[in-house]
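Lettering of chains follows the sequences in order, A, B, ..., and the numbering in each one begins at 1. In what follows, every heavy atom counts, from backbone to side chain, and hydrogens, waters and symmetry copies are set aside.
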Amino acid sequence: MTAVQGTLEPEHILFRAKLANVRPLVNMLKTISFRPRARCSINSDGLVFTVEEAQCLVAQVFFRSELFTTFSYDEQLAKHLNNQEQVGFETNDSQDDEASDMTQIVLPLDNLIECLTLFYGPSGTSSGNSQSGSHTTSSLLNAGNPGDLRGATTAVIGFNGLGADFELMLEERGTISMCRLATFMPEPPVDLKFSHVPITQQLIIRSEWLRDAFNELDPTSEAVSISIARTEPHFRISTIGDSGSTDMTYSNSERILDSFFCNEDQENQYKLSLILKSKQALAMSDKTKIRINQRGFLSFQFMVPTAADMSFVNFIYAPLISADEPAAADAAAARA
Amino acid sequence: MEAEVPAASLKTFYRALQCLGSIGEDIWIEARTDHLELIGKNASQSAYARIVFPAEFFDAYDSGESDNAVFRCRVQAKQLVGIFRSRTQAVEQCVLSIEQAAEPVHINSSATQGECRLVVRLAYKQRVCRTHRLFYEACETFHSTYDRRDCKGRWRVAAAHAASWVAHFARGSEEMTLQMTSSVVRVRSWTAGNVAQPDATRALHTELSVDPADFDMYHVPHPVELALALREFRAVLRYAERMAAPLSAFFDRPGWPLLLEVAAPPNPDARDHRQAPPTAEFVLATVADETTPAPSSNNATPASRAPTQILAVPDSIEPGSAPSPDASPYAHSRSSFAQWSPDNRSDSLLATPASARRANTATADSIAGSLPNSLGGPASQPVPESRVPTARAYRLLDMPRPYAPPGLTDTQLSDEHAAADELRNAPPGMVQTTLPFPTTAAQRPQGDMPVANADYSSDEELDATPPPPSKRMRALF
């Protein structure tokens, strides 16, 4: 990491944004805070924070530029800086022009959250970040609520190119704090290539049902099996644990499944401990879109209400494949 | 077996499961033709609970067996309680059934092939369904032989009132004593004596007095003081409070177990299923007084040996040989325990509070008759000093003996029934293998109290020697 120090002067700034209330950002970052570092991708559409675990879970938080009070991103400067960097990088496939104006850095995620919650007070976590999966409403993100004094921190975020620190200026009720976070060189991302294969199953379910299901999953089980079929029962989540098996079935009624699409009947297994990492995002969301592609990769897309609009948190899982399945060889080959 | 719990009674069912779960680790289920029983006991086998759901409690009940056969099984309490703990408001239908070698349930390649499962199926509205398949173990159940009709003292009190007695006990309290006279009831908390801290003066103890007028019914012919473990008593109180039912207690004397019953009277105005509320009975062992004559099998006559045979586990005791008390593997350890005489610490778990007070007073003052608390006949006599170290029949370890030992089926039992007349004549609490105990007057001239006597032969019938509750005792075994 070079010692280039970025300043907050408007002309040379790569990225600068102002956020009236950090609470929505903090809440969404906390849902993916199970890893210490996150990759932050900035472009003119907004910020995307990505974490990955064990090469089979990728979680992303999308924070659109409209959610910021001011958002300025210098695309030309980004392209210029990226071209300079590409000399040393191996070129990836599919290098469109669109990708080259995106700035990618790796930030220490837990430090970032700690800085943003600097003014939260001795209790640490904000009142909106609830750990319980069930019975939480998603009206936690009251970004524009003037009566909510706690967490009414205003933040100005700035970043000036690879090598510079990620700068935060936080202000609450007259107290100003400047934070500088060290950034890291981004590594090649783990791309589970979810969209490269056609999606065979998709459904949108109200999050409260999914919350109940997650609470019932037997924690002694290693895998959770999700099966979607065209016949009854349409959607089934089951685990086999030390004490027996548990399964929850949902039918195709409108009240539960807002939309249901199934091209072929599939049953896939996923590691339970990883699935449970999405519990926090689930707690904050209203609805969840579950998509499974032809290779069995699962995507949870949680719709989280923020400031009169929706933000998305996306979790992508790779399926567990048992060794004696004939499809194992094909899937492994396809993934490689 | 198939039972459908009405949606409105799910809370009740859950309360019962929760109570059993807080007493022991396993719940035994016994399905008879006309009722379903849930049974639990604690690890040291000093507490027994049985909650009976009559068939009318359920929307649909089918025990699935013929009239004579009974289905019995055991499941882990934690799993069963956890199923009913969450979100039962939206449940439309709840069905418990037993699946035996049913069609295999496939989860990908790992098929759960036709294993025996207890299936709990909760159907919510909107056709959402949750199914749990729990492993169960077919085994024998057990019942208490104590009968409340044999108990001389009894009272009944509103549950909320009883709960207020123990609500303020300190956290470390492990035991409590109920001292009941005709004019006052004293409830006191105790902590177990610690080898390291013999005085235990730093522990907080609470004592409160209750007026018998607060009880719905109070009949205590002679004063009695019972010492029992607080944990199970609390579990019973919690259950009674949640069911909003009065708590009835039946007791006789220290050493004899305390029988508790929680049964809500059927409400004729409510809907049908509420007319058959579950009845719960609990048996809690109490600590024996030294002067209370322990049931002695040393005096076993040949006539009394016959019942021993009958009730012994068939495969462990050959017919025709009556096990003598000394043959029990635990006889030796008990006798060594008898010779051990610790200091008379008033808060020791091994000494009942009354005996401790008495022992202290006896050493300090030879006039024991001036004791403030009257415990009936035996206590007003001066306690001979030799009695104190030897007589330590620790009845808290006595477990409610099953009427039939595990292994006997109902058909076998009915054959032996006729020969077991002597059982009827035994007083309550007495294990069937010994004689009716001699009266207190007859036993007093007896020199030292045989402690290595308490029916060790029948210890083999049941699972294992219950672990001693206090650390000190564990060192002896």
Taking atom CD as the centre, does B:Glu30 end up with more than 12 heavy-atom neighbours from other residues, nucleotides or ligands that are less than 6.0 angstrom away?
yes
Should we say atom CD of B:Glu25 is surrounded by more than 12 heavy atoms from elsewhere, each under 6.0 Å from it?
no
To the nearest 0.5 Å, how far apart are CG in B:Leu122 and CE in A:Met248?
10.5 Å
Measuring from B:Leu134:CG to A:Asp242:CG, what's the distance to the nearest 0.5 Å?
12.0 Å
Does B:Ala280 have any side chain to side chain contact (heavy atoms under 4.5 Å, CB included) partners at least two apart in sequence or in another chain, and if so, which?
B:Ile51, B:Tyr239, B:Val262, B:Phe282
CZ/A:Arg255 to CD/B:Gln126 distance, rounded to the nearest 0.5 angstrom?
4.5 Å
Need one label for B:Gln79: side chain, backbone, both or neither, based on atoms under 4.5 Å from any heavy atom in chain A.
side chain
Looking at every non-hydrogen atom in both residues, tell me the closest pair between B:Arg127 and A:Ser253 and how far apart they are.
NH2-CB, 4.3 Å
So B:Arg133 and A:Asp247, do their side chains get closer than 4.5 Å, heavy atoms only?
yes
Counting heavy-atom pairs under 4.5 Å with chain B, the top scorer among A:Ile237, A:Thr246, A:Asn252, A:Ile256 is A:Thr246
CD (A:Glu264) with more than 12 external heavy atoms under 6.0 Å:
yes
Decide if atom NZ of A:Lys287 counts as having more than 12 heavy atoms of other residues, nucleotides or ligands within a radius under 6.0 Å.
no
Quick one: pull up CG in B:Leu80 and OG in A:Ser243 and give me the separation to the nearest 0.5 Å.
10.0 Å
Separation of B:Arg117 CZ from A:Ser245 OG (nearest 0.5 Å)
5.5 Å
Mark yes or no for whether A:Thr249, through its side chain, and B:Cys129, through its backbone, hold a donor-acceptor pair below 3.5 Å.
yes
Pairs satisfying salt bridge (Lys or Arg N to Asp or Glu O under 4.0 Å), at least one member in residues 43-55 of chain B, at least two apart:
B:Glu37-B:Arg50, B:Arg50-B:Glu281
